[in-house]
2 protein chains.
Amino acid sequence: MATSQRRRRVTITDVASHAQVSTTAVSKVIRNAYGVSPAMKDRVQAAIEELGYRPHAAARGMRGRTFTIGVLLPDLRSPFFAEILDGLTEQLGDTEYQAIMIQGGTTHKSERRAIDALADRQVDGILIVAPIAAKTRLEELARDIPTVVLARHERSAVYDTVFADDDAGAQLAVEHLIDLGHRRIAHIAHQDNARARPADLLHVIRAETYKRVMRDHGCGDEIAIATTSYSAEGGLEGARELLSRSPRPTAIFAGADQAAFGALAAVHEAGLSVPADISVIGYDNIRLAALPNIALTSIDQDGVVMGRAAGRLLLDRIEGRTSAVRFAVVPSLVVRRTTAPPSESGQGPASTSAPT
Amino acid sequence: MATSQRRRRVTITDVASHAQVSTTAVSKVIRNAYGVSPAMKDRVQAAIEELGYRPHAAARGMRGRTFTIGVLLPDLRSPFFAEILDGLTEQLGDTEYQAIMIQGGTTHKSERRAIDALADRQVDGILIVAPIAAKTRLEELARDIPTVVLARHERSAVYDTVFADDDAGAQLAVEHLIDLGHRRIAHIAHQDNARARPADLLHVIRAETYKRVMRDHGCGDEIAIATTSYSAEGGLEGARELLSRSPRPTAIFAGADQAAFGALAAVHEAGLSVPADISVIGYDNIRLAALPNIALTSIDQDGVVMGRAAGRLLLDRIEGRTSAVRFAVVPSLVVRRTTAPPSESGQGPASTSAPT
DNA sequence: ATCGAAATGAGTAACGTTTTACAACCGTGA
DNA sequence: TCACGGTTGTAAAACGTTACTCATTTCGAT
């Protein structure tokens with residue numbers, strides 16, 4: 001018989017009667033609201049301590065705040081999200097607020113369900129990371145709940161945005177390769193079914209900037225893009241396709257490090273070497289990129305700073321700010337050993353014969 | 001003036017008055033409880049549809065359920081957790097339950113705070129992944145809230161456990177190396193400040209099994225362990241240390257793929273090659289391990305199945321089951337290209353002279 | 001002393017649901 | 001016709017907290 005009655009939680013009433021005061025007084029102490037004498041405060045806090053009382057979030061949510069920040073992540077697979085969360089957690093640090101996460105998935109339906117779930121749970125604020133929902137839907141949400149959108153560039157009057165300057169970052173990447181002497185630079189892009197204005201999506205910006213910079217340096221004819229996804233599998237597939245083209249590119253700019261890993265694999269698979277035959281540059285500078293055997297050249301953007309900023313903006317909004325803010329982080333180039341000047345011999349040893 | 005009054009949410013009362021019935025009736029329809037005629041049901045559902053009503057989770061939490069499953073993850077950096085969550089989400093699928101995640105961190109204090117946060121939010125069930133808390137604390141929690149613990153092996157009367165058979169997995173790994181002819185096999189282990197019985201911790205089991213299998217095959221004298229952490233950085237550091245020993249090991253069994261990546265880096269750094277000079281085997285079979293240029297031999301354990309099982313056990317418990325269950329997944333060996341027979345020449349080319 | 005304002009505490013009504021209890025209605029069998 | 005049991009609906013009381021209102025006390029300035 002594994003019964004063992006589920007214990008009743010200790011409530012504010014228990015504390016009040018134990019401390020011989022009203023529940024109102026206890027509530028005030030908890031929220032350190034105006035109108036409690038030091039004596040009262042001590043007394044109540046002692047009772048709280050003694051009984052191990054913890055306020056019941058659902059009940060609080062009925063009247064006031066839930067002290068909960070909801071974070072919507074598309075998935076848990078990107079190491080970059082972990083950094084954002086670290087920043088957010090740090091910012092929430094000693095406040096009473098707690099971050100909870102929810103997985104949005106890749107379809108509109110699943111993302112919708114996740115957002116609704118957060119709204120149903122009466123979170124005090126929402127951080128939406130790289131959503132695929134349309135701007136109008138996000139604004140609808142933001143009218144009800146303080147909202148910060150991370151990783152999209154749009155300008156909204158009702159929510160704040162936090163993002164890295166992807167235009168600058170992509171320019172750093174492509175110009176780094178051009179400075180090394182490359183001209184046949186290919187790009188691996190990402191495709192999802194986001195309903196945002198394309199120009200507000202970071203992966204579109206990276207791709208567009210790639211094209212612009214190529215043209216600016218007279219390499220407009222060398223533009224070659226494989227559109228797959230920002231993942232290892234996507235990078236592998238995309239790079240395979242790019243490497244099969246003729247003439248073969250001498251460098252690949254992958255829109256994300258994960259994709260760059262896939263690209264490295266494809267290069268290896270083709271019997272070519274990095275950076276002798278092909279240079280590869282990634283984006284995000286995830287930790288694995290720094291391992292000495294990988295040593296991936298990448299674009300660093302400080303996820304922790306972005307997470308911190310998002311947290312602060314959210315807290316401000318909860319406190320009542322209504323004006324909208326855009327917070328941009330500036331990325332930087334981290335040169336490692338996957339990029340080098342192109343080899344003199346136009347095509348490497350493993351070049352397959354041209355078609356037809 | 002960015003005012004735009006925050007709209008009042010539509011409540012059960014709104015639905016009731018719109019459908020000209022009592023709130024009780026609406027509540028019954030929502031929960032499809034006993035005592036509603038088909039006519040009533042249709043009528044109410046139409047009203048719900050029309051008004052776009054969604055039940056208010058906090059209010060529900062006051063009397064009944066919150067339809068929320070809390071998931072405590074130590075961090076977001078392990079790709080393995082993503083799989084568990086996929087399995088859980090799949091299992092929760094079309095139920096009304098929603099999974100929310102919270103980051104437990106690496107200290108007892110932060111994990112405690114996270115668990116309390118879930119309890120305060122009145123989740124209906126908790127999935128605790130690889131916790132560091134003591135068993136007694138988990139049992140205390142489990143007496144109040146249906147709980148499933150994932151990745152620890154202990155046997156509890158009040159909560160369920162879901163884990164992979166790490167003993168079998170580690171044995172597969174070590175015997176694979178021994179079958180290839182290796183004898184000087186080193187191990188990279190993980191250390192944290194968990195308060196569990198050591199024998200219940202997966203990383204301890206992997207290490208102990210490594211030692212046992214070594215002894216069973218007469219390699220007891222060759223046992224060499226570097227205790228760092230199951231991360232790329234930990235693997236790098238650990239492998240550096242192991243490679244500096246003399247005689248140098250011919251194979252490394254890393255307790256996790258992430259650590260194996262670090263080990264690969266260290267081997268490369270030392271001017272040695274895999275698998276010619278050193279074989280490396282990981283654990284978890286994360287996606288990156290399958291990339292053709294990495295091709296890491298690893299131990300596969302099905303995280304999705306584990307997540308699904310955890311979800312089902314949780315739902316069962318919420319429905320009233322009180323008996324405890326232990327669910328174990330059996331791992332399998334995935335041979336790729338980082339393991340091979342040891343080279344004949346005892347030490348590779350980069351061997352440093354023996355000390356003294 | 002007296003007045004008024006400020007400080008302090010308590011009582012009570014919400015908040016949006018679920019649960020319990022019960023009333024009204026129906027058809028059925030005696 | 002009556003009593004009865006089952007069905008279908010409603011009213012009202014929780015659940016634990018906060019916000020609002022108001023009464024009492026304290027204290028400084030006159």
Side-chain angles (χ1 to χ4, degrees), chain A residues 6-45 47-48 51-68 96 116 119-124 144 318, chain B residues 6-45 47-48 51-68 96 116 119-124 144 318:
Chain A
R6 202 175 287 184
R7 292 168 310 192
R8 201 176 60 79
R9 233 184 125 93
V10 30
T11 74
I12 201 172
T13 315
D14 299 331
V15 175
S17 69
H18 188 265
Q20 312 256 49
V21 296
S22 70
T23 60
T24 309
V26 178
S27 176
K28 281 196 201 170
V29 171
I30 295 169
R31 298 172 286 134
N32 55 40
Y34 176 84
V36 278
S37 61
M40 165 72 85
K41 193 169 174 182
D42 289 350
R43 189 186 177 125
V44 170
Q45 269 170 344
I48 289 178
L51 269 53
Y53 164 74
R54 298 184 53 86
H56 191 293
R60 295 183 111 173
M62 304 260 346
R63 298 290 293 160
R65 306 177 174 177
T66 58
F67 294 98
T68 308
E96 247 192 299
D116 282 346
D120 295 345
R121 279 158 189 77
Q122 297 287 107
V123 295
D124 298 326
D144 290 343
I318 292 172
Chain B
R6 201 176 286 186
R7 292 169 311 191
R8 201 176 61 81
R9 230 182 128 91
V10 24
T11 74
I12 201 172
T13 315
D14 300 331
V15 175
S17 69
H18 189 264
Q20 312 254 51
V21 295
S22 70
T23 60
T24 309
V26 179
S27 175
K28 281 194 199 173
V29 171
I30 295 169
R31 298 171 290 133
N32 54 38
Y34 175 84
V36 281
S37 61
M40 166 70 88
K41 193 170 174 180
D42 289 349
R43 189 184 177 129
V44 169
Q45 268 170 345
I48 288 178
L51 269 54
Y53 165 74
R54 299 183 54 84
H56 191 294
R60 294 184 110 172
M62 304 257 348
R63 301 283 298 158
R65 307 178 173 175
T66 59
F67 295 98
T68 308
E96 246 191 300
D116 282 346
D120 295 345
R121 279 158 190 77
Q122 295 287 106
V123 295
D124 298 326
D144 291 343
I318 292 172

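Sequence lines set the chain letters: A, B, ... in the order given, protein chains first and strands last, and positions in each chain run from 1.
- Listed for the B:T66 side chain is a donor-acceptor partner under 3.5 Å among the backbone atoms of B:Q122.
- For A:K41 and C:dA7, the NZ to P distance is 16 Å, given to the nearest whole Å.
- Counting any heavy atom pair closer than 4.0 Å across all strands shown, B:R31 reaches a base atom.
- With DNA chain D read from its 5' end, the first of the two nearest nucleotides for A:R65 and B:A39 is the one closest to B:A39.
- Rounding to whole angstrom units, CZ of residue B:F67 and C1' of C:dG16 are separated by 14 Å.
- As judged by a 4.0 angstrom heavy-atom cut-off over every strand, B:S37 is placed among residues touching the sugar-phosphate backbone only.
- Between A:K28 atom NZ and D:dA19 atom P there is a gap of 11 Å when expressed in whole angstrom units.
- Rounded to whole Å, atom C1' of D:dT17 lies 13 Å from atom CG of B:D120.
- The residue B:S27 sits close to a base: some heavy atom pair falls under 4.0 Å.
- Rounded to an integer number of Å, the gap from A:M62 CE to C:dC15 C1' is 4 Å.
- Within the 3.5 Å criterion, the main-chain N or O of B:A39 finds no donor-acceptor partner in the side chain of B:R43.
- Minimum atom distance to the side chain of A:Y53 is reached by D:dT17, of the listed D:dG9, D:dT17, C:dG9.
- Ranking D:dG9, D:dT17, C:dT19 by closeness to the B:V36 side chain, first place goes to D:dG9.
- Judged by distance alone, with hydrogens and angles left aside, the side-chain atoms of A:R65 form no donor-acceptor pair with the main-chain N or O of A:D124 at under 3.5 Å.
- At the phosphate of D:dT10, OP1 or OP2 sits under 4.0 Å from a side-chain N or O atom of B:S22.
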Which is it for A:R121 and B:T68 under the side chain to side chain donor-acceptor pair (under 3.5 Å) test, yes or no, and what are the steps along the way?
-> CA-CA 9 Å; A:R121 279 158 189 77; B:T68 308; 2.7 Å; yes

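- Pairing each heavy atom of B:V10 with each of B:D14, the nearest pair is CA-OD2, 3.3 Å.
- Separating the CZ atom of B:R43 from the P atom of D:dT8 is a distance of 15 Å, rounded to the nearest angstrom.
- Between the side chain of B:R54 and the backbone N or O of A:D120, no donor-acceptor pair lies under 3.5 Å.
- Residue contacts for A:T24: at a heavy-atom cut-off of 4.0 Å it reaches a base atom on one of the strands shown.
- Not a single donor-acceptor pair, N or O on each side, falls under 3.5 Å between the base of C:dG16 and the side chain of B:T13.
- The side chain of A:T11 sits closest to D:dT17 out of C:dG16, D:dT17, D:dT10.
- Rounded to an integer number of Å, the gap from A:Q122 CD to D:dG16 C1' is 15 Å.
- Under 3.5 Å, the side chain of B:R63 and the base of D:dA14 form at least one donor-acceptor pair of N or O atoms.
- Comparing B:Y34 and A:H56 by the nucleotide of DNA chain D whose heavy atom lies nearest to each, the residue mapping closer to the 5' end is B:Y34.
- Residue A:Q20 contributes atom CD, which lies 15 Å from atom C1' of C:dA10 at whole-angstrom precision.
- Taking side-chain N and O atoms only, B:R60 has a distance below 4.0 Å to OP1 or OP2 of C:dT18.
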